[in-house]
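What follows is a set of notes on a single structure, which appears directly below.
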Amino acid sequence: MKTDELKTFFSGRPTAEITKAILGKRLSYQSPQGLLSGIIVEAEAYLGQEDSTAHAFNGRRTPANEALYGEPGTIYIYTLRGQYMFDVAVQEKDNPQGILVRGLEPVDGVTLMAENRHGKTGSDISNGPGKLMQALGIQSKALNLTMVNAGPLSIDLDHGRQPKEIITSARVGVSKRGDWTEAPYRFYVAGNPYVSGMRKRDMDLDSHGWLN
DNA sequence: GCGGAGATGCTCT
DNA sequence: GAGCATCTCCGCC
């Protein structure tokens, strides 16, 4: 069953491992305008109640972050400074860990995505968590609390591209909160232009960092 | 091209 | 009213 596959992928192993495994997977959105999709190239792990930088730190639970407490594969959409962010809840129900998707290499509907980004081009279309949601045209929380692969948003877990190398670093934008601030829970495809903050000279413009 | 300041809107206090 | 898992623009290379 599809639901079982989803739960198997998004639980039963450390969240950092799941986050690395999601790199290279295709995220698709069946939008009112047509199919938009891209390959996930950057993501961060948030480890729930233990993690002082996480929304669910100390068991914090509010209407806004309720999705983190859902079944593995629950979509968590929230806003930050007016930007929409896309997370997937991982680990079993009531264990509020999650993955933030931060970078997407466009595949289907690139022209539409550029329009959604008001004429931005190249890697600027989707090299950040707020930017990729703009590119997909998702500017509401309508899909919050719904499941991946049960509606217009899906992740193909059976196919994907293989990174040559995965780089690990500290998470971006987290305010200083003790030991967790510098914890190595950001993962990205080395050299891929759609990784947030990737400098031009570090980009691999031939393979984009993929083996296949 | 790159880094930093300022704008930004939503959520909980 | 503060805090924030960000974006954009504008200087200065």
Side-chain angles (χ1 to χ4, degrees), chain A residues 10 15-16 18-20 22-23 27 40-70 74-91 95-104 106 113-145 148 167-188 191-205:
Chain A
F10 287 119
T15 298
I18 304 172
T19 309
K20 282 188 271 190
I22 210 175
L23 298 180
L27 175 68
I40 298 170
V41 302
E42 177 186 1
E44 288 175 350
Y46 286 88
L47 271 51
Q49 356 211 20
E50 314 269 295
D51 182 349
S52 57
T53 69
H55 290 171
F57 178 53
N58 268 340
R60 176 188 170 85
R61 185 170 188 164
T62 68
N65 75 0
E66 178 64 28
L68 283 172
Y69 289 82
T74 302
I75 294 169
Y76 172 39
I77 293 175
Y78 65 94
T79 59
L80 177 68
R81 292 173 158 94
Q83 308 295 316
Y84 287 88
M85 309 288 156
F86 173 66
D87 271 51
V88 182
V90 302
Q91 307 307 352
N95 183 351
Q97 307 199 32
I99 295 175
L100 169 66
V101 176
R102 295 187 49 91
L104 203 62
M113 290 196 221
E115 279 174 29
N116 289 339
R117 286 279 295 138
H118 306 105
K120 292 287 194 316
T121 57
S123 57
D124 216 21
I125 291 176
S126 50
N127 65 342
K131 295 179 188 179
L132 70 91
M133 288 294 267
Q134 286 182 34
L136 293 174
I138 302 176
Q139 298 293 289
S140 86
K141 291 174 64 174
L143 296 174
N144 185 45
L145 287 164
V148 166
I167 308 282
T168 301
S169 81
R171 293 167 294 186
V172 176
V174 297
S175 38
K176 299 203 179 354
R177 283 187 192 133
D179 294 344
W180 288 88
T181 309
E182 298 297 329
Y185 291 125
R186 172 179 179 240
F187 304 97
Y188 61 90
N192 190 283
Y194 294 89
V195 172
S196 67
M198 173 76 58
R199 288 185 301 271
K200 203 113 186 173
R201 63 171 170 278
D202 295 330
M203 291 180 185
D204 178 347
L205 295 174

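As the structure is a prediction and not an experimental result, all values here were calculated from the model. Numbers restart at 1 for each chain; the letters A, B, ... are given by sequence-line order, proteins then strands.
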Produce the list of close N/O pairs, under 3.5 Å, pairing protein atoms with atoms of nucleotides 11-13 of chain B; give distances to one decimal.
from: B:dT11; atom 1: OP1; to: A:Lys141; atom 2: NZ; distance (Å): 3.4
from: B:dC12; atom 1: OP1; to: A:Thr62; atom 2: OG1; distance (Å): 2.3
from: B:dC12; atom 1: OP1; to: A:Ala64; atom 2: N; distance (Å): 3.3

Encode nucleotides 6-13 of chain C as B, S and - characters from 5' to 3', where the letter depends on protein heavy atoms closer than 4.0 Å: B to the base, S only to sugar-phosphate, - to neither.
BSS-----
Identify the heavy atoms of [X] and [Y] that sit nearest to each other, and give their distance.
X	Y	result
A:Tyr188	A:Ser169	CE2-OG, 4.3 Å
A:Ala67	A:Ala89	O-CB, 3.5 Å
A:Pro129	A:Leu100	CB-CD1, 4.3 Å
A:Ala135	A:Ile125	CB-O, 3.6 Å
A:Thr168	A:Pro184	CG2-O, 3.4 Å

Nearest-0.5 Å distance, CG of residue A:Asn127 to CE of residue A:Met198
9.5 Å
Go through DNA chain B and write down every stem, that is, every run of at least three consecutive Watson-Crick or G-U wobble pairs with distances under 3.5 Å, as range with range.
B:1-7 with C:6-12, B:9-12 with C:1-4
With sequence neighbours left out, what residues match A:Gln139 under side-chain contact (heavy atoms from CB on, under 4.5 Å)?
A:Tyr84, A:Met133, A:Gln134
Holding to side-chain hydrogen bond (donor to acceptor under 3.5 Å, both in side chains), I want the full list of residues that pass it with A:Asp51, two or more places apart in sequence or in another chain.
A:Thr53, A:Arg171
A:Thr15: which residues meet the side-chain hydrogen bond (donor to acceptor under 3.5 Å, both in side chains) condition with it, sequence neighbours left out?
A:Gln91, A:Gln97
Does any pair with a residue in residues 52-67 of chain A pass salt bridge (charged side-chain N to carboxylate O under 4.0 Å, His left out), and if so which ones, sequence neighbours excluded?
A:Arg61-A:Glu66, A:Arg61-A:Asp94
Euclidean distance, atom [atom1] of residue [X] to atom [atom2] of [N] [Å, nearest integer]:
X	N	atom1	atom2	value
A:Leu47	C:dA5	CG	C1'	13 Å
A:Tyr84	B:dT8	OH	C1'	13 Å
A:Gln139	B:dC10	CD	C1'	14 Å
A:Asp87	C:dA5	CG	P	11 Å

Residues in salt bridge (Lys or Arg N to Asp or Glu O under 4.0 Å) contact with [X], at least two apart in sequence or another chain:
X	value
A:Arg81	none
A:Arg117	none
A:Arg199	A:Asp202

Full working for ring-ring contact (aromatic ring centres under 6.0 Å, His included) between A:His55 and A:Tyr46
CA-CA 8 Å; A:His55 290 171; A:Tyr46 286 88; 7.0 Å; no
Hey, what are the protein-to-nucleotides 2-6 of chain B N/O distances that come in under 3.5 Å?
from: B:dC2; atom 1: OP1; to: A:Arg201; atom 2: NH1; distance (Å): 2.8
from: B:dC2; atom 1: OP2; to: A:Lys200; atom 2: N; distance (Å): 3.2

Please list, by residue number, the residues of residues 175-188 of chain A whose heavy atoms come closer than 4.0 Å to an atom of DNA chain C; answer none if no residue qualifies.
A:Ser175, A:Arg177
For A:Ile77, is there any backbone N or O sitting under 3.5 Å from a side-chain donor or acceptor partner on A:Asn144?
yes
